[in-house]
**Student:** 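Structure below; questions to follow.
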Amino acid sequence: MTGAPVHVLVVNAGSSSLKLRLLDAADEVVDAVALENWDGADTAELERFVRRLPSVDAVGHRIVHGGRRFSEPVRIDDEVREAIGGLADLAPLHQPRGVAGIDTVAQVLPGTPAVACFDTAFHTTIPDAAATYALPAEWNRRWGLRRYGFHGLSHAYVTRRAAELTRPPEREPRIVSCHLGAGASLAAVAGGRSVDTTMGFTPLAGLVMATRTGSVDPGLVLWLQQQAGMDADFLSHALERESGLAGLSGGTGDMREIMSGMDSGDEACRLAFDVYVHRLRREIAAMTGSLGGIDVLVFTGGVGEHNARVRAEAAGGLRYLGVTLDTKANEACTGEADISGAAAPVRTLVVPAREDLEIAAHTRRTLAE
C-alpha cells in the first residue's frame, strides 16, 4: 500500500461483545455499531454493517492473545490467520471471536489489507521478575509459560491519555490503569511502559470478572479434579463462563444487576460485590508496589467508566496510598474527568476506552512500513 489508509475499519471482538467503528483520516468516527452478547457464531449483523460502509481502505482487528510469536502488530495473511486461531486454547472466550471477525470481513472485503493488533503486545516490556512463573525452568522455556497480560490496547491508550492530562514537568507519572468490563485487569505503567499486570498466561487470572473467576489457588483446582472428579473440560467451562460475579450471585455477571439485587437485599449479590471490590483494592495496591508508588489512578471500561459506586468503594480503601475522590465529581462523571479529591496527592481520572484509536494507529503504521 502506498501512503496511509484514509478509512480504517476497526473490529474489536471482546469476550461478550463486538464493537465496529469506521474511522476517517482524522480519526473521527464515520459509522459505528456495538453488538452485545456476541459469541462469534452469528455474523449477519457484522456483514450488514461492513457492506453498508461507503469506503474501507484497511481493517484493524483486535486480537487478544499473540502467544510467543506475535509481539507487535502484523499484516494478516493465511499463515497469520491460522497461527492466531491456533492460540484459541489460551483465550477460549476471545480468540475464536477474533478469528470470526477476520474471516467475515475478509469475505465481504476481499483484497482489503488487514492488520492484527494484539492485546498482549503492550505487556512485552514487563521485566522477567514480574513475568516469570516459579515453575520448573524447562517448562517455562519449552512452552513459553509466562505472564503475557491482556487489555494492552486499552491500557496503552488510557495511560498515554492520563499522562497527557497529569504529567508533572519533572518526570512521567506512575500510573495504575483499571480496565473494568466483562473482562477486567490492571496494569502498572511507568514511563509509558507496562511493568506489571494482573492477568497472566491466559485472561483468566487476576480480578473477579463477569463470568471468569480471576485468580484462584491452583491447589484448589487440583483438588476439584482429584477429589470431586471434575475433568479439565468441565473445569475450563466453569472457570471461564460460570464463575466470577455470575457464579457468586447465582445468575448474573452484569454489575448493574448485581447492584440492583444488592440494594434489594439479595445477600448473594452483596457478597459478589464485596468480593469484587476487595480483589480490586488489593490488586491496585499490588500494582502500586510494583511501581514503587503511584501518581495517577485511572478507570476505564464499561464498569470503570460508568459505575461511580465501584470507583468510590475501591478508592475508599486506598486512602493510605493518597487516593481520595471528590464525591460530587465522581457521581456526576459522564465521560473523561478528573474525580480526585481537592487535596489528594494521587490524581484519579476516568478515561473512556478508545481501543479503536490505538488499533487504527497500529494499522496505519504497520501498512506504511
Side-chain angles (χ1 to χ4, degrees), residues 1-14 18-34 40 43 46-47 49-87 91 94-125 148 150-161 192-194 353-369:
M1 169 173 286
T2 58
V6 176
H7 291 94
V8 177
L9 170 61
V10 174
V11 182
N12 183 342
L18 177 67
K19 299 174 184 177
L20 306 167
R21 282 183 175 173
L22 181 67
L23 304 182
D24 64 16
D27 281 336
E28 295 294 328
V29 178
V30 177
D31 202 349
V33 68
T43 61
L46 170 55
E47 292 178 21
F49 176 81
V50 176
R51 291 185 190 283
R52 83 180 187 214
L53 298 177
S55 175
V56 177
D57 301 303
V59 185
H61 292 270
R62 176 199 175 198
I63 301 298
V64 165
H65 213 308
R68 285 187 285 182
R69 175 173 175 178
F70 300 112
S71 59
E72 58 186 16
V74 61
R75 184 164 178 165
I76 299 172
D77 56 21
D78 290 343
E79 181 186 0
V80 168
R81 185 266 181 214
E82 290 303 313
I84 290 171
L87 296 170
H94 301 82
Q95 214 77 354
R97 291 165 171 79
V99 171
I102 291 172
D103 291 346
T104 302
V105 176
Q107 290 170 7
V108 179
L109 299 174
T112 302
V115 172
C117 303
F118 299 94
D119 262 330
T120 48
F122 180 64
H123 299 296
T124 57
T125 55
Y148 284 101
F150 301 91
H151 294 130
L153 294 161
S154 176
H155 289 304
Y157 172 77
V158 299
T159 54
R160 185 171 61 253
R161 181 60 182 152
R193 295 163 63 87
S194 177
R354 289 299 306 269
E355 292 163 308
D356 58 321
L357 296 179
E358 200 73 12
I359 293 168
H362 285 313
T363 298
R364 292 190 172 102
R365 186 161 53 246
T366 300
L367 294 178
E369 292 172 351

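A quick note: this is a predicted structure, and the numbers were derived from the prediction, not measured.
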**Student:** Which heavy atom of Ala91 sits nearest to which heavy atom of His65, and what is that distance?
**Tutor:** CB-CB, 4.3 Å
**Student:** Are any of the side-chain heavy atoms of Arg75 and Pro113 separated by less than 4.5 Å?
**Tutor:** yes
**Student:** Are Thr159 and Phe122 close enough, and set up right, to give a side chain to side chain contact (heavy atoms under 4.5 Å, CB included), and what steps lead you there?
**Tutor:** CA-CA 11 Å; Thr159 54; Phe122 180 64; 4.2 Å; yes
**Student:** Let me confirm one number: the CD1-CG distance from Ile359 to Leu9, rounded to the nearest 0.5 Å.
**Tutor:** 10.0 Å
**Student:** Given His61, which of Val10, Val115, Ile76 fulfils the side chain to side chain contact (heavy atoms under 4.5 Å, CB included) condition?
**Tutor:** Ile76
**Student:** So, for Asp27 and Arg354, which heavy atoms are closest and what is the spacing to 0.1 Å?
**Tutor:** O-NH2, 4.3 Å
**Student:** Applying side-chain hydrogen bond (donor to acceptor under 3.5 Å, both in side chains), which residue pairs with at least one partner in residues 96-118 are found, sequence neighbours left out?
**Tutor:** Arg81-Asp103
**Student:** Keeping to residues at least two apart or across chains, list the salt bridge (charged side-chain N to carboxylate O under 4.0 Å, His left out) pairs with something in residues 108-121.
**Tutor:**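 The answer is Arg62-Asp119.
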**Student:** Any idea which heavy atoms bring Ala360 and Leu23 closest together, and the distance?
**Tutor:** CB-CD1, 3.7 Å
**Student:** I want to check something: taking the side chain as every heavy atom from C-beta on, are Ser55 and Val6 in contact at a cut-off of under 4.5 Å?
**Tutor:**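 No, every pair of side-chain atoms sits at 4.5 Å or beyond.
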**Student:** Specify the closest pair of heavy atoms between Ile84 and Ala116, including all atoms of both residues, with the distance to one decimal.
**Tutor:**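 Looks like CD1-CB, 3.8 Å.
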**Student:** Looking at Glu355 and Lys19, is there a salt bridge between them, counting it only when a charged N and a carboxylate O are closer than 4.0 Å?
**Tutor:** no
**Student:** List the atom of Leu87, the atom of Gly66, and the distance in Å for their closest heavy-atom pair.
**Tutor:**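 In terms of heavy atoms, the two residues are closest at CD1-C, 3.6 Å.
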**Student:** Is the shortest heavy-atom distance from the side chain of Pro73 to the side chain of Thr363 under 4.5 Å?
**Tutor:** no
**Student:** Can you tell me if CD on Glu72 sees more than 12 non-hydrogen neighbours from other groups inside 6.0 Å?
**Tutor:**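 Atom CD in Glu72 is not crowded, with 12 or fewer foreign heavy atoms closer than 6.0 Å.
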**Student:** Against Leu22, only a single residue in Asp356, Val50, Leu53, Val33 fulfils side chain to side chain contact (heavy atoms under 4.5 Å, CB included); can you say which?
**Tutor:**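 Of all the options given, the one that passes is Leu53.
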**Student:** Taking the six-membered ring for Trp, is the centroid-to-centroid distance between His123 and Tyr148 below 6.0 Å?
**Tutor:**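 No - the distance between ring centres of His123 and Tyr148 does not fall below the 6.0 Å cut-off.
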**Student:** State, yes or no, whether a side-chain contact exists between Ile63 and Val99 at a heavy-atom distance under 4.5 Å.
**Tutor:**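 A side-chain contact is absent here, since even the closest heavy-atom pair is not under 4.5 Å.
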**Student:** Quick check for you: to the nearest 0.5 Å, what is the distance between Leu20 atom CG and Asn12 atom CG?
**Tutor:** 8.5 Å
**Student:** Which atoms form the tightest heavy-atom contact between Gly14 and His94, and what is the distance?
**Tutor:** C-CD2, 3.9 Å
**Student:** Hey, could you give me the CG/CG distance between Asp57 and Leu109, rounded to the nearest 0.5 Å?
**Tutor:** 10.5 Å
**Student:** Listed by chain and number, what are the side-chain hydrogen bond (donor to acceptor under 3.5 Å, both in side chains) partners of Arg68, not counting sequence neighbours?
**Tutor:** none
**Student:** Kindly indicate whether the side chain of Thr124, heavy atoms from C-beta on, has any atom under 4.5 Å from the side chain of Phe118.
**Tutor:** no
